[in-house]
Amino acid sequence: MNSFGVLKVSGSALQAQRRRMNVIASNLANAQSTRTEEGGPYKRQEVVFATTPFEPDPFSLKGVNVVDVISDGKPPKPIYDPGHPDSNAEGIVMMPNINPMEEMVNMMMALRAYEASVSTFNTAKSMMLKSLEIGRS
């Protein structure tokens with residue numbers, strides 16, 4: 001294995017988790033959005049990860065990649081709020097089906113995965129520097 005392979009894998013994981021955190025932040029920011037360009041309330045987004053080889057060889061080192069960002073299929077929550085500008089004739093507003101607690105747990109998991117990748121990257125970098133010092137002695 002290439003000595004920089006660990007850095008490539010860690011870097012790909014960092015990029016994927018950063019994208020995941022951005023999507024979660026967007027979900028939290030739009031938890032009360034009742035209007036979108038597509039019409040209707042905001043739909044919760046979720047990232048889809050997949051392994052991606054760094055070279056065409058099927059036995060080569062693989063990294064993680066975000067292959068898609070999909071909309072959650074859950075229906076919106078009907079809330080009674082007759083004073084809301086987007087309420088219908090019965091006073092029902094369709095709100096995004098976003099649970100802030102669930103999103104915060106997802107963000108904490110993404111943060112822990114990001115931290116683990118940073119730790120792996122730094123450990124590999126430190127080991128490479130130590131191996132260079134061996135040659136100086």
Side-chain angles (χ1 to χ4, degrees):
M1 176 172 87
N2 181 336
S3 60
F4 292 103
V6 175
L7 300 178
K8 282 183 177 179
V9 172
S10 295
S12 71
L14 289 169
Q15 288 177 340
Q17 293 302 332
R18 186 195 72 225
R19 179 94 182 267
R20 180 180 178 197
M21 284 192 267
N22 286 340
V23 168
I24 293 168
S26 179
N27 288 341
L28 286 169
N30 289 293
Q32 300 295 317
S33 297
T34 57
R35 284 187 209 170
T36 61
E37 292 176 5
E38 298 83 34
Y42 177 82
K43 293 185 183 198
R44 181 180 176 274
Q45 303 291 303
E46 202 166 329
V47 296
V48 177
F49 294 131
T51 57
T52 306
F54 289 117
E55 289 130 25
D57 179 15
F59 300 108
S60 71
L61 200 58
K62 293 181 173 79
V64 65
N65 191 22
V66 174
V67 293
D68 200 7
V69 177
I70 58 172
S71 295
D72 193 353
K74 294 178 188 173
K77 294 184 295 188
I79 304 288
Y80 180 74
D81 186 1
H84 195 283
D86 291 328
S87 63
N88 63 14
E90 292 84 32
I92 303 294
V93 180
M94 300 308 276
M95 298 295 286
N97 195 0
I98 295 174
N99 181 348
M101 292 300 278
E102 180 182 342
E103 296 300 322
M104 290 304 296
V105 168
N106 286 339
M107 185 166 282
M108 287 189 317
M109 289 180 3
L111 176 64
R112 297 291 182 251
Y114 191 90
E115 289 172 343
S117 295
V118 167
S119 179
T120 302
F121 188 92
N122 287 335
T123 301
K125 183 176 78 170
S126 176
M127 289 172 59
M128 287 180 200
L129 290 173
K130 290 291 183 187
S131 67
L132 290 173
E133 288 177 13
I134 292 172
R136 290 187 196 165
S137 302

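In this text, all values refer to a predicted model and were calculated from it rather than measured experimentally.
- Every residue was checked against the side-chain hydrogen bond (donor to acceptor under 3.5 Å, both in side chains) condition with Gln15, not counting sequence neighbours, and none meets it.
- With Asn30 contributing its side chain and Ser33 its backbone, the two residues share no donor-acceptor pair below 3.5 Å.
- Nearest heavy-atom pair across Ala25 and Met107 is N-CE, 3.8 Å.
- Put simply, CG on Asn106 and CG on Asn99 are 9.5 Å apart, with the number rounded to the nearest 0.5 Å.
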Practice problem: Evaluate the side-chain contact (heavy atoms from CB on, under 4.5 Å) criterion for residues Ser87 and Val93: first the C-alpha distance (whole Å), next the side-chain angles of each, then the deciding distance (0.1 Å), finally the verdict. | Solution: CA-CA 4 Å; Ser87 63; Val93 180; 3.5 Å; yes

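- Note that CG of Asn22 and CD of Gln17 are 11.5 Å apart. Values are rounded to the nearest 0.5 Å.
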Quiz item: Could you walk me through whether Val69 and Arg19 pass the side-chain contact (heavy atoms from CB on, under 4.5 Å) check?
Solution: CA-CA 10 Å; Val69 177; Arg19 179 94 182 267; 3.3 Å; yes

Could you pull out every donor-acceptor pair under 3.5 Å between side chains of residues 119-130 and any protein atom, sequence neighbours left out?
unit_1 : atom_1 : unit_2 : atom_2 : d
Thr120 : OG1    : Ala116 : O      : 2.9
Asn122 : ND2    : Val118 : O      : 3.4
Thr123 : OG1    : Ser119 : O      : 2.8

Quiz item: Val48 and Ile70: side-chain contact (heavy atoms from CB on, under 4.5 Å), yes or no, with the steps?
Solution: CA-CA 7 Å; Val48 177; Ile70 58 172; 4.0 Å; yes

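- Taking the side chain as every heavy atom from C-beta outward, Met109 and Arg20 approach each other to under 4.5 Å.
- Linking Ile, Leu, Val, Met, Phe, Trp and Tyr whenever their side-chain heavy atoms come within less than 4.5 Å puts Ile24 and Met104 in one cluster.
- Taking each heavy atom of Val64 and Ala16 in turn, the nearest pair found is CG1-CB, 3.9 Å.
- The residues Asp86 and Arg35 are annotated as salt-bridged, a charged nitrogen and a carboxylate oxygen being separated by less than 4.0 angstrom.
- Rounded to the nearest 0.5 angstrom, Leu28 CG and Arg44 CZ are separated by 9.5 Å.
- Looking only at side-chain heavy atoms (C-beta outward), Asn65 and Phe49 stay at 4.5 Å or farther from each other.
- Under the 4.5 Å side-chain heavy-atom criterion for Ile, Leu, Val, Met, Phe, Trp and Tyr, Ile98 and Met95 are members of distinct hydrophobic clusters.
- Between Ser71 and the choices Glu46, Lys43, Gln45, the side-chain hydrogen bond (donor to acceptor under 3.5 Å, both in side chains) rule is met once, by Gln45.
- Residue Leu14 is grouped with residue Met21 when hydrophobic side chains (ILVMFWY) are merged at heavy-atom distances under 4.5 angstrom, including chains of intermediate members.
- To the nearest 0.5 angstrom, Ser12 atom OG is 11.0 Å from Leu7 atom CG.
- Summarising the geometry, atom OG1 belonging to Thr34 is positioned 14.0 Å from atom OH belonging to Tyr42; distances are rounded to the nearest 0.5 Å.
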